[in-house]
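Below is one structure, written out as structure tokens, with a few remarks after it.
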Amino acid sequence: MSLTDWIVLCVTLLVIVIYGVWKSGSSKNIDHYLMGGRSLPWYHVGLSVMATQASAITFLSAPGQAYSDGMRFVQFYLGLPLAMIVLCVTFVPIFHRLKVYTAYEFLEQRFDLKTRALTAFLFLIQRGLSTGITIYAPSIILSTILNINTVYTTLFIGGLVIFYTVYGGTRAVSYTQLLQMSIIFSGMFFAGVLVVKLLPDGVGFGHAVKLAGKLGKMNVIDWKFDPSNRYNIWSGVIGGFFLQLSYFGTDQSQVGRYLTGSSVGQSRLGLIMNGLVKVPMQFLILLIGILVFAFYQFNRPPMFFNQYEVRQVKQSPYAGQYNKLEDQYTAVFEARKNKANDLVKAFDSKNTVQINQAQTALKLADKQATDIRKQAIGIMKKNNAKANEDDTNYVFLTFVTQYLPRGLIGLLVAIIFLASMGSTASALNSLASTSVVDIYKRLINRTASDKNYVTASRIATIFWGLVCVLMALYASKVGNLLEFVNKLGSYIYGVILGVFVVAFYLKNIRGNAVFIAAVITEIVICVLGYFEVVAYLWLNAIGCILVILIAVGVNMIAKKAFILDNGE
Amino acid sequence: METSDPELPSFIRTWNQFYGIVIAWLVFLIFIFWLITLAFE
């Protein structure tokens, strides 16, 4: 990165943190510190909810995902608008009416203390572990691209977030997220425009999309029902609905965001805004990946985008073999480029036969390039069995740092930092809320002053911040931790959602029945997940339904036993 | 029947109407995405 980019990066980050701290004001009571005084308007709520969900990986990974796998990933979000409606109808009015700080607080009012403690505990484990990864994942990518040690990028992101989250509480989180999302939207828009501008003369937006389509990348909707297929319309709408409902309805990092709304209406409007905007936003981010794919049909892409792994193999005895493959890849790329140009000419001629012929030739050239890449990955694995063979996360940033103009590179790197900070800040705030409200205030010190609770919240934020930074630093030492933590959400969310669905809709079921159901279901889900019986998205739906069924069953058995005991 | 809420945008009368718009928007998006899939196959 040039000096200009470093200046843009540092100024952007500093301005946002200063703005957040300045707007947050001083917090004298716990309601102000954890809930922002429940005074924020709908657009704050909406952007905050979006910023919390959109981690750095969203902006790094999604274009890379489209580059390698096409547009089908957008189906993952199709259940989200429906989940927003259920939240607006059921969760939001109840949480607002009871004036709860955390979602789990409601469960004690409905069931009992042990159900509240169980769900709060599951949340703390899941969110505490996954937030470390939220910091770690972009850190490792940024450190590879910027040639900085992962420890520095992790400490930088973690330190900055801990500072403003501890200082300003939830208002600082919301105000920084408002500015973060504005910068993220603008940056991604400019990146999209510039990719089109960087295409060769005579190749426009339409050509690029058509070309990607002819290579199977415009596979937006897949109607085929296949439970083992991660992304089709059914897993997206049904599985995605359960996943999004459990995430937004029961994960305190999201509940804490929309409870900052000044009224039921403002919280609802914020969530509906998310429901309307999220799917098209993801579509556009993926489309940037498609344009990058088209761009690399005319400009030689790296054979493998993760340069750390490339350096490892080039310093090994396999360097000769790898370099030979690089030469072959260059030759195949030139052939593929010619075929891509032929296809663009065929598009202009509008001759179907010519288009089909050019498409077949391009597909063949693309397959040759893919085969060489596979061989290169094989060599990497031979050299180091633990080498990361997935370079999806590196595609977009490689393009950004190599082809975008000065200044914009700094801005796009800032976006990655900002996205990571936004979701981390919400997570720390929610971990602090749950620790203080559900554990400290409920079980340890019930009659302390507001000042005491604010101090406890600040200490809890620092504590969880340090845990997450340590997790992020430790993650680099444990290869499979990332995968484990990513799946953990699906293991836990469905069960918690089931508990909430019973709480809202099955009024006659008592605390013991739902507690037993949650424990049994959690064990079953762990077994199903461990043996990979179904794709992980389905675990949410299965978890939720099992909790409901078992709770109903246990309740019926308990009722019968009660009747028999009483001789009726 | 749900009464009109002053917090709603002026062109929408009830929350249920708003939820209907969200569902219609989702159906519209799926339809457009399907057309895109067919058009660029």
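All values below come from the heavy atoms of this structure, side chains included, with hydrogens, waters and symmetry mates left out. Residue numbering restarts at 1 for every chain, and letters A, B, ... go by the order of the sequence lines.
Highest contact tally toward chain B, considering only A:Asn219, A:Leu215, A:Val209, A:Leu82, is held by A:Val209 [criterion: heavy-atom pairs under 4.5 Å]. In terms of heavy-atom pairs under 4.5 angstrom with chain B, the leader among A:Cys88, A:Gly275, A:Ser263, A:Gly265 is A:Gly265. Comparing A:Met218, A:Gln359, A:Met71 by how many heavy-atom pairs each has under 4.5 Å with chain B, the most go to A:Met218.
Open room surrounds CZ on B:Phe28; 12 or fewer heavy atoms of other groups in view lie less than 6.0 Å from it. Other residues, nucleotides and ligands contribute more than 12 heavy atoms inside 6.0 Å of the NZ atom of A:Lys278.
Looking at A:Leu211, there are no atoms closer than 4.5 Å to chain B (heavy atoms on both sides), in backbone or side chain. When heavy atoms are compared at a cutoff of 4.5 Å, B:Ile30 approaches chain A by way of both its backbone and its side chain. Contact of A:Val89 with chain B is made through backbone and side chain together, with heavy-atom distances under 4.5 Å. For chain A, the nearby parts of B:Trp34 are the backbone and the side chain; heavy atoms of each come within less than 4.5 Å. For A:Gln266, the parts lying near chain B are the backbone and the side chain together; criterion is any non-hydrogen pair under 4.5 Å. Heavy atoms of A:Trp42 lying under 4.5 Å from chain B are absent altogether.
Residues B:Leu29 and A:Pro81 fail the side-chain proximity criterion, which asks for heavy atoms closer than 4.5 Å. Inter-residue side-chain proximity for B:Trp15 and A:Ile272 is flagged as met; some heavy-atom pair is nearer than 4.5 Å. Taking 4.5 Å as the limit, some side-chain heavy atom of A:Val279 sits within range of a side-chain heavy atom of B:Phe33.
For the atom pair B:Leu26 CG and A:Met84 CE, the distance stands at 12.0 Å (nearest 0.5 Å). Atom CD in B:Glu7 sits 6.0 Å away from atom OG in A:Ser262 (nearest 0.5 Å).
Closest non-hydrogen pair, A:Ile85 versus B:Ile23, comes out as CD1-CG1, 3.5 Å.
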